[in-house]
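Below is one structure, written out as structure tokens; the observations come after it.
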Amino acid sequence: MTHANIVVLTGAGVSAESGIDTFRDAGGLWERHRVEDVATPEAFERDPDLVLRFYDMRREAIQAKQPNAAHFALAKLERAWPGDVLIVTQNIDDLHERAGARRVLHMHGEHLNAWCTACDARPRWTGPLIGRPPCPECGERMLRPDVVWFGEIPYRMDEIFAALREAHMFVSIGTSGAVYPAAGFVRTARDLGAATLELNLEPSQGTLWFDEARHGPATQVVPAWVEEMLAQAGE
Ligand code: BJW
């Protein structure tokens, strides 16, 4: 196992201690906003201002947040582990990258990209979209957040399944296991022979699919697991 390939799936729980709201926890985003009002293509068509304001507010907020010990530990694992480490994140924040991770796939898109539905450009975007700014490529005022809503196809799926096929270990961190296809990765990895580990505040919906589960705050359980792995690799 010391040179094993590791696929790490992260969710909102990994960024919770950086002050970024999760979705389904008490006080989470879905307590204040109905999913179908802000996170579906139909919602955007029905009330674009509501959706753009929701994402403008979150885009602004994440830029003031900092990576936490869990993000830094995963970046350290990526640097020091003798095998491949791939981070597949459902999060649209950039905290893995700001902690120094380089191999990160954002399957639900990124806050700091806009998507022009007229010319398909995906320019980096740090400001608001509510004022319908023009696309820097084509000039049309058709920008939306570059995120994956319910009913849309998540990004990078071919690369993710290729990595799962090569993985010896699959680790799921800070995700409720409520949203597919990410919630199904543990079964794919397991069927392909990988060891599976859950690190989450509490048992997720899919906890029984994992070989092992450790529960606690990500800033504690993730650094402890990374140190354990690196100690093993050095043996
Ligand atoms: C901590 C912690 C701490 C807290 N430390 N831990 C019926 C059956 C199966 C599937 C479907 C179905 N009906 C419809 C579907 C499909 C649908 C789906 O899954 N629906 C479910 C509700 C059932 N999925 C889709 O539509 C997806 N597309 C799709 O399936 O296309 C078909 C296709 C797939 C593949 C190939 C080809 C075709 C798209 C899903 C898009 C999800 N989008 C969102 C919004 C993104 C933009 C944004 O951020 O606004 O993604 S919804 C939201 O949920 C967001 C998240 O990435 C995602 C997952 O949430 P996450 O990360 O798990 O957060 P929480 O809040 O749920 O959980 C946090 C966890 O952390 C908790 O467990 C806490 O305990 C823990 N925690 N603090 C450690 N300090």
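Throughout, residue positions are numbered sequentially from 1 according to the sequence presented.
For the residue pair Gln90 / Thr175, a side-chain donor-acceptor distance below 3.5 Å is found, with atom types taken as modelled. In the model, Ser204 has no side-chain atom that pairs as donor or acceptor with a side-chain atom of Ser176 under 3.5 Å. Defined by atom type and a distance below 3.5 Å, a donor-acceptor pair is present between the side-chain atoms of Glu198 and His215. Inspection of the Asp120 and Trp115 side chains reveals an N or O donor paired with an N or O acceptor under 3.5 Å. With 3.5 Å as the limit, one finds a donor-acceptor pair spanning the side chains of Glu17 and Thr219. Side chains of Asp146 and Tyr55: a donor-acceptor N/O pair is absent below 3.5 angstrom, by distance only. Looking at His108 and Glu152, their side chains never bring a donor and an acceptor atom within 3.5 Å of each other.
A 4.5 Å side-chain heavy-atom check between Met157 and Met107 finds at least one atom pair inside the cut-off. Looking only at side-chain heavy atoms (C-beta outward), Phe23 and Val35 stay at 4.5 Å or farther from each other. Inter-residue side-chain proximity for His71 and Ser18 is flagged as met; some heavy-atom pair is nearer than 4.5 Å. By the 4.5 Å heavy-atom criterion applied to side chains, Thr10 and Leu74 are counted as neighbours. You'll find the side chain of Pro123 stays beyond 4.5 Å of the side chain of Asn113, heavy atoms only. By the 4.5 Å heavy-atom criterion applied to side chains, Leu52 and Phe44 are counted as neighbours. Phe210 is listed as a side-chain neighbour of Val186, based on a closest heavy-atom distance under 4.5 Å. The shortest side-chain heavy-atom distance between Arg144 and Trp149 falls under the 4.5 Å cut-off.
Here the closest heavy-atom approach between residue Pro133 and residue Pro128 is recorded as CG-O, 4.0 Å. Contact record, Ala73 with Pro223: CB-CA, 3.7 Å, taken as the closest heavy-atom pair. Of all heavy-atom pairs between Val148 and Gly109, the closest is CG2-N, 4.2 Å. Considering every non-hydrogen atom in both Tyr155 and Arg122, the closest pair reads OH-NH1, 3.0 Å. In terms of heavy atoms, Ala80 sits closest to Leu230 at CB-CD2, 3.8 Å. Residues Gly13 and Ala218 share a closest heavy-atom pair of O-CB, 4.0 Å.
Here the straight-line distance linking atom CG of Leu95 with atom CD1 of Ile20 works out to 4.5 Å at 0.5 Å rounding. In this structure, Asp93 CG and Ile62 CD1 are separated by 6.0 Å, a value rounded to the nearest 0.5 Å. The NE2 atom of His96 lies 11.0 Å from the CG atom of Leu105; values are rounded to the nearest 0.5 Å. To the nearest 0.5 Å, atom CG of residue Leu129 and atom CE of residue Met142 are 13.5 Å apart. Remark: Met229 CE to Leu197 CG distance equals 8.5 Å, nearest 0.5 Å. To the nearest 0.5 Å, atom CZ of residue Phe54 and atom CZ of residue Arg32 are 8.5 Å apart.
Under a 4.0 Å N-O distance rule, the pair Arg58/Asp21 does not qualify as a salt bridge. Arg132 has a carboxylate O that lies under 4.0 Å from a charged side-chain N of Asp49, or vice versa, which qualifies the two as a salt bridge. Residues Asp56 and Arg59 are paired through a salt bridge, judged by an N-O separation under 4.0 Å between the basic side chain and the carboxylate. Taking 4.0 Å as the cut-off between side-chain N and carboxylate O, Arg103 and Glu78 do not count as a salt-bridged pair.
No continuous path of ILVMFWY side-chain contacts below 4.5 Å connects Leu86 to Ile173, so the two sit in separate hydrophobic clusters. Tracing side-chain contacts under 4.5 Å through hydrophobic residues (I, L, V, M, F, W, Y), one never reaches Phe170 starting from Leu199; they form parts of separate clusters. Under the 4.5 Å side-chain heavy-atom criterion for ILVMFWY residues, a single connected hydrophobic cluster contains both Ile87 and Val226. Ile160 and Leu192 fall into different hydrophobic clusters, defined by Ile, Leu, Val, Met, Phe, Trp and Tyr side-chain heavy atoms under 4.5 Å apart, directly or through other members. Hydrophobic clustering (ILVMFWY, side-chain heavy atoms < 4.5 Å, transitive): Leu164 and Val85 are in distinct clusters.
In this structure a side-chain-to-backbone donor-acceptor pair under 3.5 Å is missing from Asp84 to Asn5. Side-chain atoms of Asn91 never come within 3.5 Å of backbone atoms of Ser15 as a donor-acceptor pair (strictly under, hydrogens ignored). Arg98 places a side-chain N or O within donor-acceptor distance of the main-chain N or O of Lys65, the cut-off being under 3.5 Å. With Arg190 contributing its side chain and Trp209 its backbone, the two residues share a donor-acceptor pair below 3.5 Å. Side chain of Trp81 to backbone of Ala4: a donor-acceptor contact under 3.5 angstrom is found. Looking at Gln63, its side chain does come within 3.5 Å of a backbone N or O of Thr126 through a donor-acceptor pair.
For CZ of Arg102, the number of neighbouring non-hydrogen atoms (other residues, nucleotides, ligands) closer than 6.0 Å is 12 at most. Within a 6.0 Å radius of CH2 in Trp225, more than 12 heavy atoms belonging to other residues, nucleotides or ligands are found.
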(request) Applying side chain to side chain contact (heavy atoms under 4.5 Å, CB included), run through Val7 and Val171 and close with a yes or a no. (result) CA-CA 6 Å; Val7 173; Val171 186; over 6 Å; no
(request) Applying side chain to side chain contact (heavy atoms under 4.5 Å, CB included), run through Arg46 and Asp37 and close with a yes or a no. (result) CA-CA 9 Å; Arg46 200 169 48 238; Asp37 288 344; 3.8 Å; yes
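Ring orientation note: the planes of Phe161 and Phe185 are nearly perpendicular, at an angle over 60° on the 30°/60° scale.
Listed by first and then second residue, the salt bridge (Lys or Arg N to Asp or Glu O under 4.0 Å) pairs that reach into residues 220-233 are Lys76-Glu227, Arg214-Glu228, sequence neighbours excluded.
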